[in-house]
Structures are given as structure tokens and as C-alpha cells.
Amino acid sequence: MKNLIILDHPIVQRDVTLLRDKRTPSNQFRAILRRVSALMAFAVTADLPLRSVSVTTPLAKTKGRVLARPVVLVPILRAGLGLVGGFVEVLPDSRVGHIGLYRDEHSLRPVDYYFKVPRNIREAMVFLLDPMLATGGSATAALTYLKNHGAKTLVCVTLVAAPEGVRRVHKEHPEVKIYTCALDKKLNARGYILPGLGDAGDRMFGTE
Ligand code: PRP
Ligand code: URA
């Protein structure tokens with residue numbers, strides 16, 4: 001699929017397997033998510049534009065390169081919070097917005113409850129963070145919101161995606177690249193990803 005990139009690094013795949021395992025308790029789940037999100041951050045920033053600067057080492061003046069554009073991270077609450085730590089380690093100058101959404105368990109439609117994004121979102125590279133892309137309702141709503149607030153360059157970063165969610169994001173936001181560590185089989189009748197890893201927010205925060 002165009003604009004779908006699967007992060008197939010062996011260490012990433014090992015961590016996804018640990019996260020899938022139902023025996024992995026919350027404390028380990030959070031730690032693994034943080035580690036794998038740093039690896040994801042490294043991979044999804046591979047083509048960020050750079051600009052030249054001059055830098056003085058203890059010995060001489062030389063040329064260096066820095067990121068040409070600011071970076072804004074936007075986790076979708078709650079589970080997206082699990083990806084922020086690793087991203088901030090790799091991108092310490094990022095600003096962080098938040099989008100609060102939960103899925104209504106019957107309609108599976110996203111219900112919004114919080115929005116706050118930094119002012120520089122227009123000129124920034126914006127990474128939307130959420131470990132789960134299921135029906136795609138939450139991601140498409142968040143992308144629409146970010147565009148309405150001026151975001152021009154958006155990337156969707158997710159740990160596990162269902163084909164249904166990928167198709168929906170591609171249909172409604174065709175220019176947005178999706179990075180994921182796994183493209184799973186399908187959704188079950190309750191909108192959960194199969195095989196997936198269960199409810200990411202609940203597993204992170206111990207609210208199962
Ligand atoms: C989960 C997940 C996504 C959404 C994905 O959040 O973190 O935001 O579901 O499903 P979708 O693609 O069908 O919209 P949830 O609604 O469970 O909220 P939580 O993170 O607060 O648990
Ligand atoms: N949200 C989750 O946390 N997990 C799923 O499988 C689907 C939506």
C-alpha cells in the first residue's frame with residue numbers, strides 16, 4: 001500500500017511481540033512501549049529536512065546540520081502518551097500537543113474531550129502518535145482537527161494497524177504517511193484489532 005511503511009527492524013518486532021503477550025504486566029508494557037517508541041522515532045525521522053549551520057569545535061570552525069523545521073508531537077489520549085517518552089528522547093526540542101478522544105464502545109465513533117496544540121503547528125512537521133489504528137475513526141478525526149488548526153505536514157505513527165484503519169486514513173487523508181510496526185489481519189466484531197494486543201490504554205494504565 002502506498003504511504004504505508006512497516007518498521008520491520010528485528011528489535012522493533014521483538015518488542016511488538018512482548019507487547020502482544022497478554023502476560024506482560026503494565027509496568028513492563030509501559031517500559032517496552034517507551035523503548036520501542038524511541039526506535040520508531042529514529043526510523044520515522046529518517047527523511048526530515050536539514051539545514052546547514054556553522055559550528056565551532058574545540059579545535060576549528062566547521063559546518064554542521066540541524067533540523068530545518070520544528071517538530072510537533074501530538075499523542076491521542078490516552079494510549080498515545082505511551083509513545084511520547086521515546087519520541088522526546090530522540091527529538092528533545094519538540095513541542096507536544098494533546099488530543100483527547102475515546103471510542104464510544106457501541107458506535108465505535110471517536111468522542112472528543114480535549115484539544116491543545118502549540119502555535120507553531122503551521123510550519124512544523126507534525127507526528128500524530130497512537131499505538132492503535134483500528135477503524136481509523138480516531139486518527140482521521142485527529143488529522144482533520146490538526147489540519148483545521150493549520151498543520152500542513154502530517155505523519156501518522158502507530159504500533160499496530162488494521163487494514164480497515166489504514167484504508168480509512170488513506171481515503172480521507174491520502175497525503176499522510178502511516179508508519180506502523182505491524183499490519184494485522186482485521187478487526188473483530190467489537191472493533192478490536194486481531195491479533196492486536198488488546199486495549200492499549202487499559203494495558204498501559206492497568207485499567208483493564
Ligand atoms: C484506542 C486507541 C486509539 C483508538 C483506535 O483508544 O488508542 O485512539 O482506540 O481505534 P479506532 O481506530 O477505531 O478509532 P481508546 O478509545 O480505547 O481510548 P484510550 O486510549 O483512552 O483507552
Ligand atoms: N483500541 C485499542 O486499544 N485496541 C484495539 O485493538 C482497538 C482499539
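Remember, it's 1-based here, ligands and their atoms both numbered in the order they're listed.
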For ligand 1, list every N/O pair with the protein closer than 3.5 Å, one pair per line with the distance.
| residue | atom | partner | partner atom | Å |
| --- | --- | --- | --- | --- |
| ligand 1 | 7 (O) | Asp130 | OD1 | 2.9 |
| ligand 1 | 8 (O) | Asp130 | OD2 | 2.5 |
| ligand 1 | 12 (O) | Ala134 | N | 2.9 |
| ligand 1 | 12 (O) | Thr135 | N | 3.1 |
| ligand 1 | 12 (O) | Gly136 | N | 2.8 |
| ligand 1 | 13 (O) | Arg103 | NH1 | 2.8 |
| ligand 1 | 13 (O) | Thr135 | N | 2.9 |
| ligand 1 | 13 (O) | Thr135 | OG1 | 2.5 |
| ligand 1 | 14 (O) | Ser138 | N | 2.9 |
| ligand 1 | 14 (O) | Ser138 | OG | 2.6 |
| ligand 1 | 16 (O) | Arg103 | N | 2.8 |
| ligand 1 | 20 (O) | Arg78 | N | 3.1 |
| ligand 1 | 20 (O) | Ala79 | N | 3.1 |
| ligand 1 | 21 (O) | Arg78 | N | 3.3 |
| ligand 1 | 21 (O) | Arg78 | NE | 2.9 |
| ligand 1 | 22 (O) | Arg78 | NE | 3.4 |
| ligand 1 | 22 (O) | Arg78 | NH2 | 2.9 |

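- Counted by atom type alone, Arg69 and Thr153 present one or more donor-acceptor pairs between their side chains at under 3.5 Å.
- Heavy atoms only, all atoms of each residue included: Ala151 and Val126 are closest at CB-CG2, 4.1 Å.
- Ligand 2 has Gly191 within reach: a non-hydrogen atom of the residue lies less than 4.0 Å from it.
- The atoms of ligand 2 that sit less than 4.0 Å from any heavy atom of Ala134 are 7 (C), 8 (C).
- In this comparison of Gly196, Pro195, Gly198, Ala200, the heavy atom closest to atom 4 (N) of ligand 2 sits on Gly198.
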Residues 2-9, side-chain donor-acceptor partners within the protein, below 3.5 Å, at least two apart:
| residue | atom | partner | partner atom | Å |
| --- | --- | --- | --- | --- |
| Asn3 | ND2 | Pro174 | O | 2.9 |
| His9 | ND1 | Ile11 | N | 3.0 |

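- Scanning both residues, Tyr113 and Leu101, for their nearest heavy atoms gives CE2-N, 3.3 Å.
- Ranking protein heavy atoms by distance to atom 5 (C) of ligand 2, first place goes to Tyr192 CD2, 3.4 Å.
- Protein heavy atom at the shortest distance from atom 6 (O) of ligand 2 is Ile193 N, 2.8 Å.
- The closest approach between a heavy atom of Arg203 and any atom of ligand 2 is not below 4.0 Å.
- In this structure, Ala139 and Val169 approach most closely via the heavy-atom pair CB-CG2, 4.1 Å.
- The pair Glu208-Lys22 does not count as a salt bridge, with every side-chain nitrogen at least 4.0 angstrom from each carboxylate oxygen.
- Counting only distance, with no hydrogens or angles, the side chain of Thr158 and the backbone of Pro131 share a donor-acceptor pair below 3.5 Å.
- Applying the 6.0 Å contact sphere to CZ of Phe205 captures more than 12 heavy atoms from other residues, nucleotides or ligands.
- Nearest heavy-atom pair across Arg203 and Thr24 is NH2-O, 3.2 Å.
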